[in-house]
Amino acid sequence: MDDATIGGASDGELLARHVDGDPDAFSEIVRRHRDRLWAVALRTLGDREEAADAVQDALVSAYRAAHTFRGQSAVTTWLHRITVNACLDRARKAASRRTSPVDDTERLEQLLEPHESAAAPAERGDLHRELLQALRTLPPEQRAALVLVDMQGYPVAEAAKVLDVPTGTVKSRCARGRARLLPLLSHLHPSGRDSSPSGRGRNRTQGTSVPPTAGPNDTDAVKGGGGRA
């Protein structure tokens with residue numbers, strides 16, 4: 001299949017071609033969706049190595065399980081569900097084996113967007129660090145819901161498909177997560193500061209939402225991300 005044919009095919013067509021043995025179809029799916037999967041994994045896990053491993057695990061799982069896809073959701077929703085599940089598995093395992101506090105200073109510094117220069121406003125960097133540190137205090141399921149809805153801008157219904165739970169569960173997890181974060185982040189929204197929600201935060205409740213970070217395009221290459229998983 002030539003490049004023009006690959007580029008013009010839908011995700012569903014590419015997945016079907018992969019199942020039929022096309023050696024290039026899955027690589028194109030990876031190319032299209034890797035960056036967004038990476039952004040979700042990074043913000044859910046808070047660690048670059050863990051996020052890279054989770055995305056790699058998810059892509060391998062998707063590669064092997066492509067024949068089970070029935071088209072009941074979009075391919076991108078299916079991929080995100082697999083990725084979030086891989087992240088939650090890693091988060092639970094990390095929580096179970098953690099026996100002492102972890103120094104997150106360097107790790108949180110690395111979580112700033114790749115295009116964020118050293119000259120970026122200090123206030124923005126401080127907000128990022130405090131937000132990410134606060135997110136790490138949440139249970140994995142609440143963290144994943146907030147990352148999808150408040151940071152990635154997913155509609156609640158779409159986040160529910162990704163997490164494979166009812167919309168009410170997503171709303172509940174977000175509400176509980178915001179309630180736990182509010183005491184940690186309220187000082188970032190002093191009275192008088194404009195706190196109107198941005199376009200990316202269309203699902204957020206003003207005054208209780210997670211402050212927005214930079215955009216979702218965390219474009220560092222995932223290990224093995226350029227080709228077939």
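Worth knowing before you read on, the calculation uses all heavy atoms, side chains too, and leaves out hydrogens, waters and symmetry mates.
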> Determine the minimum heavy-atom distance between A54 and A86, stating which atoms define it.
O-CB, 3.6 Å
> Less than 4.0 angstrom from a charged side-chain N to a carboxylate O is my criterion; do E141 and R92 meet it?
yes
> Ignoring hydrogens and angles, tell me if any N or O in the side chain of H33 forms a donor-acceptor pair with the backbone of L79 under 3.5 Å.
no
> Just verifying a value: how many Å separate F26 CZ and L59 CG, rounded to the nearest 0.5 Å?
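These two atoms lie 5.5 Å from each other.
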> Distance check, rounded to the nearest 0.5 Å: L45 atom CG versus R136 atom CZ?
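Between L45 CG and R136 CZ, I get 8.5 Å after rounding to 0.5 Å.
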> Is the shortest side-chain heavy-atom distance between R173 and L146 below 4.5 Å?
no
> Does N85 use its side chain to pair, donor to acceptor, with the backbone of R81 at less than 3.5 Å?
yes
> Can a side-chain donor-acceptor contact be found between H18 and Y63 if the only test is distance below 3.5 angstrom?
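No donor-acceptor contact under 3.5 Å links the two side chains.
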> Are any side-chain N or O atoms of R32 and backbone N or O atoms of T76, one a donor and one an acceptor, separated by less than 3.5 Å?
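Between the backbone of T76 and the side chain of R32 there is no qualifying donor-acceptor contact (under 3.5 Å).
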> Can you name the nearest heavy-atom pair linking V147 to V40, along with the distance?
CG1-O, 4.0 Å
> Testing the basics here: between S61 and I82, what is the closest heavy-atom pair and its distance to 0.1 Å?
CB-CG2, 4.0 Å
> Ignoring hydrogens and angles, tell me if any N or O in the side chain of S172 forms a donor-acceptor pair with the backbone of G168 under 3.5 Å.
no
> Tell me the closest heavy-atom pair linking A157 and T167, and the distance in Å.
CA-CG2, 3.8 Å
> Can you name the one residue among V170, L163, T169 that meets side-chain contact (heavy atoms from CB on, under 4.5 Å) with P166?
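The side-chain contact (heavy atoms from CB on, under 4.5 Å) with P166 is passed solely by T169 among V170, L163, T169.
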> Closer than 3.5 angstrom, by distance alone: can the side chain of E50 be matched with the main-chain N or O of D47 as a donor-acceptor pair?
no
> Can a salt bridge be assigned to the pair D150 and R178 using a cut-off of 4.0 Å between side-chain N and carboxylate O?
yes
> Roughly how far apart are R36 CZ and H80 NE2, rounded to 0.5 Å?
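Rounded to the nearest 0.5 Å, the CZ-NE2 separation comes to 5.0 Å.
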> Would you say the side-chain atoms of R17 pair up with the backbone N or O of D22, donor to acceptor, closer than 3.5 Å?
no
> Have a look at L135 and tell me which of R180, M151, R43 forms a side-chain contact (heavy atoms from CB on, under 4.5 Å) with it.
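The passing option is M151.
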> Mind checking the CG-CD1 spacing from D24 to I29? Nearest 0.5 Å is all I need.
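So the gap between those two atoms works out to 11.5 Å.
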> Could you go step by step and tell me if L88 and R143 meet the side chain to side chain contact (heavy atoms under 4.5 Å, CB included) rule?
CA-CA 9 Å; L88 294 179; R143 193 188 317 161; over 6 Å; no
> Step by step, work out the side chain to side chain contact (heavy atoms under 4.5 Å, CB included) result for L181 and L138.
CA-CA 8 Å; L181 289 180; L138 298 180; 4.0 Å; yes
> Of all heavy-atom pairs between R31 and E28, which one has the smallest distance, and what is that distance?
NH2-OE2, 2.7 Å
> Are the side chains of W78 and V162 in touch, meaning some heavy atoms are under 4.5 Å apart?
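Heavy-atom side-chain distance check fails, nothing below 4.5 Å.
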> Roughly how far, to the nearest 0.5 Å, is OG1 of T83 from CZ of R34?
13.0 Å
> Starting at SG of C174, measure out to CG of L148 and round the result to the nearest 0.5 Å.
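Atom-to-atom, C174:SG and L148:CG are 8.5 Å apart.
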> Between the side chain of T68 and the main-chain N/O of A65, is any donor-acceptor distance below 3.5 Å?
yes
